[in-house]
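Working notes, structure below.
What you see below is based on every heavy atom in this structure, not just the backbone, and it leaves out hydrogens, waters and symmetry mates.
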Amino acid sequence: MKKFSTVLVCLTLLLTTIMAGCSNDAPKGNGNATAPPPDTKKEEKEKEKEKLVDLNFYMMNGPVNESERIMEKANKIIGEKINAKLNFVMVDGGTYADKMNLMINSGDDWDLAFTAYWGGVNYFENAAKGAYADLTDLLPKLAPETYARVPQGLWNGAKVDGKIYSAINYQQWGVAKRNGFIFREDLINETGFDWQAVKGKPTIEALKMIGPFLGDALAKHPDMIGWETSSAHSFFANEPLYWDMEPVGDLTTPGWVNLNDPNKVINQFETPEFAEYANIMRDWYNKGYVRKDGATVKDTTPDRKAKKLIAAMSYGWPDSIDLPGQEQSMSMTEYKDVQALSVSTTRTLIAASAGSNANIAINSDSKNIEKAVELIELLNTDDDLYKLITLGEKDVDYKYNEKGDYEKITGKYDFNWNEWQIGQSYSPTFNRADYAENAAGEMKRKAMSIVFENDKTADVSPLSGFVFDPTPVKTQIANVSSVTTEMIPAISSGSVDPTTVVPKFLERLKNAGVDDIIKEKQAQYDAWRNK
């Protein structure tokens with residue numbers, strides 16, 4: 001009996017142990033050999049999420065007041081949405097090119113940077129030498145909205161050997177250009193000038209139509225200036241679209257193509273258009289339509305502030321015919337209280353330089369290339385985040401006055417109008433800029449919608465994607481530049497007789513080596529087209 005009791009106790013203890021091992025209430029994860037293994041993958045993901053990816057973004061900008069406050073709020077959004085932290089490195093515009101080129105050539109650490117065909121941090125040169133990451137496949141995959149918003153013709157302008165090495169900062173004002181003229185509305189009403197008839201006219205014909213209007217207006221207001229001229233800008237040499245041309249390489253160096261015959265590089269100063277333009281400007285000079293010192297004056301700002309200009313060229317569109325009722329100020333921002341009417345005359349063109357005018361590149365050696373592309377997409381699609389960084393906080397850093405117009409608040413956060421460097425100010429809702437909260441703001445949105453619709457159907461420059469290497473003719477370019485710098489201001493302002501001066505100008509260009517430049521541009525252009 002005693003033996004049986006002992007066996008019974010042993011069996012009871014054994015069953016108790018087995019039941020305890022099978023119980024759902026057994027402790028887990030505290031050393032119990034029967035506990036299931038921890039979810040290590042889940043723990044690793046949580047730990048990885050805690051480590052924000054730092055992304056350094058270099059750009060041109062001056063001091064920004066109270067940036068810590070804004071970036072703390074911005075990085076909270078960025079951290080939650082893509083698990084990253086954005087660090088802007090703002091470099092003064094005067095030293096930005098030197099700093100970035102030194103970093104690129106030294107292999108220093110950076111993630112994103114503003115780049116363009118201009119400004120010294122040359123997009124095409126750096127892409128060609130491998131400094132920028134290839135984003136051809138990554139943009140459609142990780143930044144699909146950024147990629148889809150941009151017209152395909154614009155992406156072609158950002159390609160280097162068929163690859164895309166940057167994101168294009170598609171801006172609220174669009175990319176396609178359509179130029180024309182703008183006139184003071186009060187003087188149109190006073191003289192009865194049929195300004196609408198100028199629409200779509202070739203530039204020479206348009207100038208001939210505008211001339212009599214200038215004379216009529218000046219007869220009533222002799223203290224005004226009919227047309228602006230200066231030594232810093234030529235209506236011919238600096239404005240190829242007005243003449244249905246595109247520059248091959250540098251804007252002012254001889255060697256353009258006519259858009260109606262785009263396979264042949266020409267000397268634009270040998271064209272009938274330049275000769276006729278010089279004759280018109282001489283006629284206007286003799287009649288007093290332009291300043292007598294137009295060949296030497298550098299700063300025309302005082303004329304603009306004094307509201308002296310009667311007519312001017314205009315880059316803005318849709319014009320007053322395409323969108324009646326929109327508020328337009330006369331020519332320049334120096335005076336907005338003189339109402340004007342505009343008319344467009346040129347074709348609508350996406351210029352060759354448009355695809356590389358404002359871009360974001362990613363370091364090809366960055367450890368976080370894909371995360372940087374995700375940041376680009378977030379900056380371009382999260383309107384609230386973009387406006388927080390570029391405008392600040394409403395009623396803290398900026399406000400809308402009693403008229404509904406946007407105003408900065410003095411001394412508060414100010415991004416210094418550099419929003420175009422960090423992303424697309426365009427969105428389908430037109431909600432990423434400082435549009436006024438009134439009828440004028442709504443009209444502006446309507447105007448921008450017209451611009452973007454035209455971007456989709458605009459002509460694309462045949463030169464998009466072509467990059468001219470001036471090295472083989474750098475001596476000739478320097479010599480030719482000396483001639484154009486000396487003589488173009490006088491010809492463009494009408495200060496000299498073109499019948500004698502233009503032939504001398506063309507002869508001096510020949511002696512300086514202009515034919516070598518045209519030949520080299522043609523050779524490189526042909527080689528690029530035949531790839």
Side-chain angles (χ1 to χ4, degrees), residues 44 47-64 67-68 70-139 141-143 146 158 160 163-169 356 358-380 385-386 389-390 415-416 418-423:
E44 286 175 4
K47 191 175 291 185
E48 186 179 334
K49 193 173 182 180
E50 292 174 6
K51 297 179 181 177
L52 294 176
V53 177
D54 279 299
L55 295 172
N56 296 320
F57 190 142
Y58 284 75
M59 64 174 293
M60 294 180 288
N61 208 342
V64 176
S67 60
E68 295 83 2
I70 295 299
M71 291 311 300
E72 182 179 352
K73 293 177 181 293
N75 275 317
K76 183 177 181 182
I77 299 171
I78 296 169
E80 290 174 352
K81 293 198 171 184
I82 64 168
N83 195 44
K85 180 184 178 184
L86 169 60
N87 304 308
F88 279 119
V89 182
M90 299 181 182
V91 183
D92 180 80
T95 58
Y96 181 73
D98 291 339
K99 183 174 182 63
M100 282 308 304
N101 287 327
L102 179 61
M103 292 182 67
I104 289 170
N105 294 330
S106 302
D108 290 346
D109 185 33
W110 59 277
D111 296 299
L112 305 97
F114 175 79
T115 187
Y117 75 91
W118 56 271
V121 189
N122 191 282
Y123 165 66
F124 293 104
E125 291 178 5
N126 286 319
K129 68 183 183 183
Y132 297 158
D134 179 2
L135 306 181
T136 311
D137 297 324
L138 290 177
L139 284 169
K141 177 184 176 182
L142 299 177
T146 294
V160 177
K163 300 288 186 180
I164 299 172
Y165 292 90
S166 68
I168 296 173
N169 290 347
S356 56
N359 304 56
I360 298 173
I362 298 172
N363 188 355
S364 59
D365 291 329
S366 171
K367 299 176 182 177
N368 304 298
I369 293 176
E370 291 193 356
K371 187 63 68 175
V373 177
E374 290 179 21
L375 174 64
I376 290 172
E377 176 78 343
L378 182 62
L379 289 172
N380 288 337
L385 172 63
Y386 180 81
I389 294 174
T390 59
F415 206 61
N416 303 315
N418 281 308
E419 72 283 351
W420 48 275
Q421 292 187 57
I422 71 163

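- Using cut-offs of 30° and 60° on the angle between ring planes, the pair Y123 and Y132 is parallel.
- Contact annotation: the side chain of I360 never approaches that of L379 to less than 4.5 Å [non-hydrogen atoms, C-beta and beyond].
- When all heavy atoms are compared, the tightest approach of P63 to N416 is O-ND2, 3.3 Å.
- Of all the heavy atoms in D134 and K163, the pair that sits closest is OD2-CD, 3.5 Å.
- Two residues are said to be in side-chain contact when any heavy atoms from C-beta on lie closer than 4.5 Å; L135 and L142 fail this criterion.
- In this structure, the side chain of N380 does not engage the main chain of G423 through any donor-acceptor pair within 3.5 Å.
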Steps toward side-chain contact (heavy atoms from CB on, under 4.5 Å) verdict (N418, M60): CA-CA 8 Å; N418 281 308; M60 294 180 288; 5.6 Å; no
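- Using a 4.5 Å cut-off on side-chain heavy atoms (C-beta onward), N75 and L52 make no contact.
- Here L86 contributes atom CG and L378 contributes atom CG; the two are 9.5 Å apart, rounded to the nearest 0.5 Å.
- At least one side-chain heavy atom of M59 sits less than 4.5 Å from a side-chain heavy atom of I422.
- Checked by atom type, the side-chain pair N87/N56 shows a donor-acceptor distance below 3.5 Å.
- With rounding to the nearest 0.5 angstrom, the CZ atom of F124 is 15.0 Å from the NZ atom of K129.
- Within the 3.5 Å criterion, the main-chain N or O of E419 finds a donor-acceptor partner in the side chain of Y386.
- Across every non-hydrogen atom of I362 and A372, the tightest pair is CD1-CB, 3.6 Å.
- One finds the CD1 atom of I376 at 7.5 Å from the OG1 atom of T146 (value rounded to the nearest 0.5 Å).
- The NZ atom of K367 lies 10.5 Å from the CG atom of D365; values are rounded to the nearest 0.5 Å.
- Inspection of the S366 and D111 side chains reveals an N or O donor paired with an N or O acceptor under 3.5 Å.
- Rounding to the nearest 0.5 Å places CD1 of I78 at 6.5 Å from CD1 of I82.
- Across every non-hydrogen atom of A358 and A116, the tightest pair is N-CB, 4.5 Å.
- Put simply, the side chain of F88 reaches to within 4.5 Å of the side chain of I389, judged on heavy atoms.
- For the atom pair L55 CG and I369 CD1, the distance stands at 11.5 Å (nearest 0.5 Å).
- Of the possible donor and acceptor atoms, none in the side chain of S356 sits under 3.5 Å from a partner among the backbone N and O of A158.
- In this structure, F415 has its ring center no closer than 6.0 Å to that of W420.
- The shortest distance between side-chain heavy atoms of W110 and M100 falls below 4.5 Å.
- In this structure the side chain of K76 reaches within 4.5 angstrom of the side chain of E80, judged on heavy atoms.
- Here the options are K371, E370, E374, the test is side-chain contact (heavy atoms from CB on, under 4.5 Å), and the partner is V53; only K371 passes.
- With hydrogens and angles left out, the side-chain atoms of D108 and S106 include no donor and acceptor closer than 3.5 Å.
- Counting all heavy atoms, side chain and backbone alike, N101 lies closest to G120 at ND2-O, 3.1 Å.
- Contact of the Y96 side chain with the V121 side chain is registered, since non-hydrogen atoms from C-beta on lie closer than 4.5 Å.
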